[in-house]
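For reference, positions follow the sequence shown, starting with 1. These numbers were taken from a predicted model, which means no experiment stands behind them. Whatever order the structure lists them in is the order used to number ligands and atoms, beginning at 1. Note that these values count all heavy atoms, side chains included, but never hydrogens, waters or copies made by symmetry.
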Amino acid sequence: MSNTFGFTISARQGRARTGVVSTPKGDIRTPAFMPVGTAATVKAMMPENVRATGADILLGNTYHLMLRPGAERIHNLGGLHKFMNWDRPILTDSGGFQVMSLTDLRKLSEEGVKFRSHIDGSEHNLTPERSMEIQKLLGSDIVMCFDECPALPADRKRIEESMQLSMRWAQRSRDAFGDRPGYALFGIQQGGLEEDMRGASAEALKSIEFDGYAIGGLAVGEGQEAMFGCLDYAPGQLPDDKPRYLMGVGKPDDIVGAVQRGVDMFDCVLPSRSGRTGQGQTRMGAINLRNARHKDDPRPLDADCSCPACTKYSRAYLHHVVKSQEIIGSMLLTWHNLHYYQELMAGLRDAISTGQLDAFVADFHALRAVGDIEPV
Ligand SMILES: [Zn+2]
């Protein structure tokens, strides 16, 4: 275990890399998937079970935690790790993206964003300085810069103004974060789908210097082809020797394509959220357990999966508990989905280490092309 924050790359294949982000609270094997623990919980999962799926790090949401139960309260109760019983690394977002996406009444200025809570309508002010303060109060190991991004498509002028504002906020975030050994601050590249603006954003961030770099403003409605087009150049504009984090991505095939393009870290609500709506993410693709075809099916969701949902229960049982809205349906499918995501990341890491990434990716797409097993 390291006393400082660091990143070591152990193998590469093409633009893909595998390695370890080291922190005082434990190592994060990359490429890494971070389950989302929005409100100090990965919904429907005990923390020890999230760990059992292979997760090295969780993501927490500043916006949700500052509103309820409040950052000062969590700090007074010993910090987010103790509060939610997760002793490994935690990354928190800055709150910026969710203020923009979840609140209607907001006012954006050079200073920051004034908004009303979607919970009780109370007024709040989020600035780079306050975001850094909140993330420190929470005890976050990887802190994200406060930024702003327009929904795509947006015109160049809007994208440029937004990117420039985010770069000024990145400098204010860096200044407010200060010197905190063992903790990391990540800058966030913006610039929409414009290569020159992505490049300008990367240069601005590199001159400030961060412990890691995120690619922000993607997976906001542009589609996979446009996202991959951007990822063909964006990661290469960022420092090679620091972790690269693609925020809010994604579906399994998004992740595989992004890893091939040099991304090291991911987060997405998809495995947990879709697990609560009866969807299983599998090697054969997404499977809807609500479908009547599973009603009499004694077979597991995925015969090759070692998670509890697949080793102890049938598709018929999963169908039944999903249809009758039993809580265990959410628990089992969330567990399976997080397990599948972590297996996928482990497979990618192993494939890069052994120089087998191309074959791994070919197998990944071939299995999904075949799709689910035939009905009974
Ligand atoms: Zn499973």
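- Using modelled atom types and a 3.5 Å distance limit, the side chains of His118 and Tyr63 yield a donor-acceptor pair.
- Checked by atom type, the side-chain pair Gln190/Ser162 shows no donor-acceptor distance below 3.5 Å.
- For the Zn ion (ligand 1), the tally of protein N/O/S atoms lying closer than 2.8 Å stands at 4.
- Residues His339 and Ser306 bring a donor and an acceptor atom of their side chains to less than 3.5 Å of each other.
- Counting non-hydrogen atoms of neighbouring residues, nucleotides and ligands closer than 6.0 angstrom, the CZ atom of Arg293 exceeds 12 such neighbours.
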Problem set entry | Chi angles and distances behind the side chain to side chain donor-acceptor pair (under 3.5 Å) call for Gln135, Thr92 | CA-CA 7 Å; Gln135 295 182 74; Thr92 47; 2.8 Å; yes
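- Residue pairs meeting the salt bridge (charged side-chain N to carboxylate O under 4.0 Å, His left out) criterion with at least one member in residues 203-215, sequence neighbours excluded: Glu203-Lys206.
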